[in-house]
There are 2 protein chains.
Amino acid sequence: MGRKAHFQNSDFLDAAIRIIAEGGPGALTIAALAGQIHAPVGSVYHRFPSRDALLAEVWLGIIESFQDDFIKKLEEDGLAATLACLQWVRQHPAEARILLLYRMQDLTTGRWPPELQKRARRLKKDLHDAVTAFIKRAFGKVTPENTDRAIFALYDAPLGIIRRYLSDNRVPPAAVADLLRETYNAVMPKAKSR
Amino acid sequence: MGRKAHFQNSDFLDAAIRIIAEGGPGALTIAALAGQIHAPVGSVYHRFPSRDALLAEVWLGIIESFQDDFIKKLEEDGLAATLACLQWVRQHPAEARILLLYRMQDLTTGRWPPELQKRARRLKKDLHDAVTAFIKRAFGKVTPENTDRAIFALYDAPLGIIRRYLSDNRVPPAAVADLLRETYNAVMPKAKSR
DNA sequence: GACATATTAGAGCGATTGCTCCAATACTGA
DNA sequence: TCAGTATTGGAGCAATCGCTCTAATATGTC
């Protein structure tokens with residue numbers, strides 16, 4: 001059944017994450033990617049149809065990793081989800097740098113393969129559903145103002161402060177959790193937000 | 001005294017801001033920049049020593065514009081400075097997209113001309129001084145925890161929520177001011193923070 | 001008008017990049 | 001052992017980009 005593979009798909013994806021986290025999307029040239037794991041450029045294209053497709057997989061993998069944690073916590077408790085952002089960043093520093101410092105549009109320029117588009121839509125829908133359900137529980141009903149309030153407390157505030165640390169290659173200190181808790185309580189309804 | 005100039009430095013800087021705000025730093029090729037105002041590429045290099053130098057001027061100009069507003073308000077009142085972020089973004093949507101969606105490191109790769117480095121250091125120092133003075137007034141003394149608290153309320157929180165709007169090419173609604181006020185009051189000392 | 005000069009104008013060079021293509025290679029199954 | 005094939009290995013192509021360089025052009029001064 002042919003020669004045994006010397007490299008795995010994940011080897012390339014991991015190397016890509018390392019390179020982007022360190023040098024930004026511009027640093028991810030195919031030569032740099034292959035060089036990082038001493039693979040030939042041909043092996044990159046043996047696995048991924050294009051640089052864009054590889055970057056799309058990198059991006060989706062990161063979103064999935066983050067979102068799995070986030071949604072799971074969100075189903076129990078809003079504040080837990082807020083703090084889960086912090087924990088995820090600590091556990092995945094390289095992925096966090098990519099997620100927080102760049103946008104999907106800045107990584108990939110072209111169109112995605114249909115299969116990846118489907119995965120992306122699925123992720124978006126899952127997040128939307130989880131957040132909507134949470135807002136209903138926390139506020140009683142979903143309005144634009146409530147939505148903004150929730151997304152601010154769950155998402156914008158934690159990622160906003162974490163971004164500053166990641167940009168300087170530092171890890172957010174423990175006290176950040178206090179700030180986020182205070183913000184959450186100030187902005188979300190006092191009632192149990194389960 | 002030579003031919004009358006058909007283009008001004010600011011024409012190129014403004015065009016660059018438009019292009020980056022719309023398509024990201026990667027869209028700013030010299031050809032695209034010159035084409036935007038129907039200038040020849042030679043005229044770009046007649047005014048700016050390199051693409052990096054031009055981007056450095058773009059970045060510094062944006063920082064200066066933002067920081068002037070921010071520091072002026074900060075000298076009176078912390079909450080006013082927080083809300084000044086919102087106002088500045090509304091008045092400078094293209095500049096705001098660049099400031100919030102990208103980092104200096106992602107625009108320019110090489111070293112800056114010494115004169116621009118000096119301007120950058122000056123801006124950094126001005127901001128640091130203003131923030132430090134504010135922290136002293138608000139908390140009594142400067143500690144790492146107080147610093148984080150202040151920067152979160154003044155900077156991370158507003159820019160965090162605004163970033164989401166800018167990324168989608170939307171303008172932050174008025175209700176965002178309420179969220180920021182509540183966050184500010186929750187996180188900063190109750191005493192007059194003048 | 002003649003000259004000096006600041007600026008426009010754009011062809012094109014060297015370097016880099018994404019990607020292709022063809023061989024070489026090592027593994028499987030018979 | 002030999003055919004079949006999945007994968008490595010890497011030279012090189014076409015496109016793009018930042019930038020240079022020379023010529024053309026318009027303006028001020030005498």
Side-chain angles (χ1 to χ4, degrees), chain A residues 1-20 22-59 102 104-113 116, chain B residues 1-20 22-59 102 104-113 116:
Chain A
M1 283 281 267
R3 179 175 179 170
K4 192 188 288 179
H6 192 166
F7 307 101
Q8 310 299 323
N9 281 26
S10 58
D11 293 335
F12 291 96
L13 295 174
D14 291 346
I17 287 174
R18 246 175 291 140
I19 292 171
I20 301 170
E22 188 165 343
L28 187 83
T29 65
I30 304 298
L33 174 62
Q36 172 98 162
I37 56 177
H38 303 101
V41 299
S43 290
V44 177
Y45 289 95
H46 184 68
R47 295 184 162 71
F48 303 93
S50 69
R51 179 181 183 275
D52 269 359
L54 180 139
L55 278 166
E57 288 220 33
V58 166
W59 185 259
Y102 309 104
M104 197 186 69
Q105 300 97 297
D106 299 321
L107 300 188
T108 68
T109 55
R111 289 241 177 283
W112 287 13
L116 294 182
Chain B
M1 282 280 268
R3 180 176 177 170
K4 191 189 290 181
H6 193 166
F7 307 100
Q8 311 299 324
N9 280 27
S10 58
D11 292 337
F12 291 95
L13 295 174
D14 291 347
I17 287 174
R18 248 176 290 138
I19 291 171
I20 300 171
E22 187 164 344
L28 188 83
T29 64
I30 304 298
L33 174 62
Q36 172 96 165
I37 57 177
H38 304 102
V41 298
S43 290
V44 177
Y45 288 95
H46 184 69
R47 294 186 163 69
F48 303 93
S50 68
R51 180 181 182 274
D52 268 359
L54 180 139
L55 278 167
E57 287 221 32
V58 166
W59 185 260
Y102 308 104
M104 197 187 68
Q105 300 98 295
D106 299 321
L107 300 188
T108 68
T109 56
R111 289 240 176 285
W112 287 14
L116 295 182

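Below, chain A is the first sequence line, B the second, and so on; all start at residue 1.
In this structure, B:Ile20 and B:Leu55 have side chains that are in contact, with non-hydrogen atoms separated by less than 4.5 Å. The shortest distance between side-chain heavy atoms of B:Phe12 and B:Glu57 does not fall below 4.5 Å. Between B:Leu28 and B:Leu54 the shortest side-chain heavy-atom distance falls below 4.5 Å.
Contact annotation: B:Ser43 side-chain N/O to C:dT7 OP1/OP2 distance is not under 4.0 Å. At the phosphate of C:dT8, OP1 or OP2 sits under 4.0 Å from a side-chain N or O atom of B:Arg47. One finds a side-chain N or O of A:Arg51 lying less than 4.0 angstrom from the OP1 or OP2 phosphate oxygen of C:dG18. Close to C:dT7, at under 4.0 Å from its OP1 or OP2, lies a side-chain N or O of B:His46.
Using a 4.0 Å heavy-atom distance criterion, B:Leu54 is classed as making no nucleic acid contact. Heavy atoms of A:Val41 sit under 4.0 angstrom from at least one base atom.
Rounded to whole Å, atom C1' of C:dT17 lies 13 Å from atom CG of A:Asp52. Computed from coordinates, the B:Leu107 CG to D:dG18 P distance equals 13 Å when rounded to whole Å. Across the protein-nucleic acid pair, A:Asn9 atom CG and D:dT7 atom C1' stand 12 Å apart, rounded to whole Å. In this structure, the NZ atom of A:Lys4 is 13 Å from the C1' atom of D:dT7, given to the nearest Å. Between A:Ile37 atom CD1 and D:dT8 atom C1' the separation is 12 Å, expressed in whole Å. Going from atom NE2 of B:His6 over to atom P of C:dT7 covers 14 Å, rounded to whole Å. Atom OH of B:Tyr45 and atom C1' of C:dA9 are 15 Å apart (whole Å).
For the pair B:Pro40 and A:Arg3, both in contact range of DNA chain C, the more 5′-proximal nearest nucleotide belongs to B:Pro40. Toward the 5′ end of DNA chain D lies the nearest nucleotide of A:His38, the other residue of the pair A:His38 and B:Ile30 mapping further downstream. For B:Ala5 and A:Gly42, each mapped to the nucleotide of DNA chain C holding its nearest heavy atom, the one lying further toward the 5' end belongs to B:Ala5.
The distance from the CG atom of B:Leu33 to the CZ atom of B:Phe48 is 8.0 Å, given to the nearest 0.5 Å.
With hydrogens and angles ignored, the 3.5 Å screen pairs a side-chain donor or acceptor of A:Arg47 with a backbone N or O of A:Phe7.
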